[in-house]
Amino acid sequence: MKKYYTNTEVCRILNVTRATLRFYEKTGLIHPVINKENNYRLYDEYQIYLIAECRRYQQNEFSIKEIGEMLREDSLEQYTGRILEKKDYFQRQKEEYEKKLDLINEYASKLQEISQNLNVPEVISFDDVLLAPQKSSVSSDRQAVHYMIERLHLTFMMIYMHDECIESGFGIYRKFVNDSEETSKLHCIRGGRAAHMFMDVPDVLSLNTDIRKPLLDYASSNNLTPRGDFMMIQLVKIGEEKDMHRYFEAYLPLTDD
């Protein structure tokens, strides 16, 4: 004789909620037997295994639509194909989270350095940076800005000076961009050696090329040759209005010789 289980028993066995059972039933994933006398739902062992299967798919981020389709797959090849697609999806997610982890580690390290090394110049190496100017004395490309906004978790606000022009916008390290992505609209700032310093710049609205002077003086006193450009990456804004501090990393790129 077939054994049936109540809502309460199924919830206890599978550690699910009544809302989950109702949702699975409403979306057509399960079909409990309905007692016509009291309108109670009853589940046989097949339905219990089906609920467990649906839960497993959900925990692996399959949508309800995908789950319904998978439950109706009539070939091993089709089912395997769906699992391989999900595997590829998780691999892409893993790579994206590894990028985020690398970035947050680097960011946390820089924040910890600010108080110790504020206004202390040094020579470091830096990676290529891609810039999408939002405000520019030259030109601005909306498509490039949109590209950056879609990747806000990897971008930073920055200011770039070259040929006496000042551009501000979104920056991203090239190392965080896949080679296959369309980056032709972005301006590449070539990496290399640079005179570097953490700076507190409370008023960026009146920023001009004079901001370069401390690093230019440092380069001059150490027989270093500036490349001709300058960039500032905003790390954090603290406070508001009169008590505002904007901490930047300033880079004065140097020639290779």
Side-chain angles (χ1 to χ4, degrees), residues 99 102-103 106-107 109-111 113-114 117-178 181-220 224-238 244-256:
K99 288 181 185 178
D102 286 345
L103 187 63
E106 188 174 314
Y107 183 46
S109 177
K110 288 178 179 179
L111 291 177
E113 284 187 63
I114 291 174
N117 298 316
L118 189 64
N119 299 322
V120 178
E122 61 177 341
V123 175
I124 67 167
S125 295
F126 71 101
D127 296 318
D128 289 359
V129 173
L130 300 176
L131 168 66
Q134 187 177 27
K135 293 182 179 179
S136 174
S137 53
V138 184
S139 63
S140 180
D141 189 295
R142 289 184 179 180
Q143 186 176 344
V145 172
H146 181 70
Y147 174 91
M148 290 299 205
I149 289 174
E150 287 183 336
R151 291 156 179 77
L152 276 178
H153 61 286
L154 293 173
T155 65
F156 42 78
M157 300 304 296
M158 67 175 293
I159 295 166
Y160 183 54
M161 300 180 185
H162 60 101
D163 302 320
E164 302 306 313
C165 299
I166 300 178
E167 300 181 285
S168 62
F170 298 96
I172 187 171
Y173 289 113
R174 181 186 282 279
K175 65 184 179 181
F176 292 121
V177 176
N178 295 326
E181 291 188 86
E182 177 57 54
T183 59
S184 61
K185 298 292 184 181
L186 306 177
H187 177 68
C188 180
I189 301 169
R190 181 169 51 85
R193 290 194 316 145
H196 167 271
M197 187 168 69
F198 294 105
M199 304 176 71
D200 182 359
V201 186
D203 186 7
V204 295
L205 296 179
S206 60
L207 195 65
N208 56 50
T209 54
D210 292 341
I211 195 74
R212 301 174 297 181
K213 189 176 185 307
L215 286 179
L216 286 170
D217 290 345
Y218 172 77
S220 177
L224 302 170
T225 305
R227 195 171 69 187
D229 53 349
F230 177 82
M231 73 175 181
M232 297 172 60
I233 294 174
Q234 180 172 304
L235 293 176
V236 63
K237 177 183 75 66
I238 302 294
M244 182 179 293
H245 299 269
R246 283 190 175 92
Y247 294 104
F248 282 83
E249 277 191 288
Y251 293 82
L252 181 72
L254 305 170
T255 59
D256 295 330

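This one's a predicted model, so the numbers in the text were calculated from it and none came from an experiment.
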Salt bridge (Lys or Arg N to Asp or Glu O under 4.0 Å) partners for Asp128, two or more places apart: Arg174

Spacing of CE belonging to Met232 relative to CD belonging to Glu249, to within rounding of 0.5 Å: 10.5 Å

Side-chain touch His162/Glu167, heavy atoms, less than 4.5 angstrom: yes

Side-chain heavy atoms of Asn117 within contact of Glu122, under 4.5 Å: no

Side-chain heavy-atom pair Val120, Phe198 within 4.5 angstrom cut-off: no

Closest contact, heavy atoms only, Met197 versus Pro214: CE-CB, 3.6 Å

Contacts of type salt bridge (Lys or Arg N to Asp or Glu O under 4.0 Å), residue Arg227, not counting sequence neighbours: Asp229

Nearest heavy atoms of Ala132 and Leu186, plus distance in Å: CB-CD2, 3.7 Å

Flag side-chain contact, heavy atom, 4.5 Å: Leu224 against Tyr218: yes

For the student: nearest non-hydrogen atoms of Pro253 and Phe126, plus distance: CG-CZ, 4.0 Å

Exercise: identify the closest heavy-atom pair between Leu215 and Leu252: O-CD2, 3.5 Å

Non-hydrogen atoms of Arg193 and Thr255 that approach each other most closely: NH2-O, 3.4 Å

Residue list, salt bridge (Lys or Arg N to Asp or Glu O under 4.0 Å) with Glu106, at least two apart or on another chain: Lys110, Lys175

Value rounded to 0.5 Å, distance of CE in Met199 from CD1 in Ile211: 3.5 Å

Test item: Tyr251 and Val129 side chains (from C-beta on) under 4.5 Å apart, heavy atoms: no

Expected output: side-chain Asp163 to main-chain Cys165 donor-acceptor under 3.5 Å: no

For Phe156, the option from Tyr247, Phe170, Tyr173, Phe248 that meets ring-ring contact (aromatic ring centres under 6.0 Å, His included): Tyr173

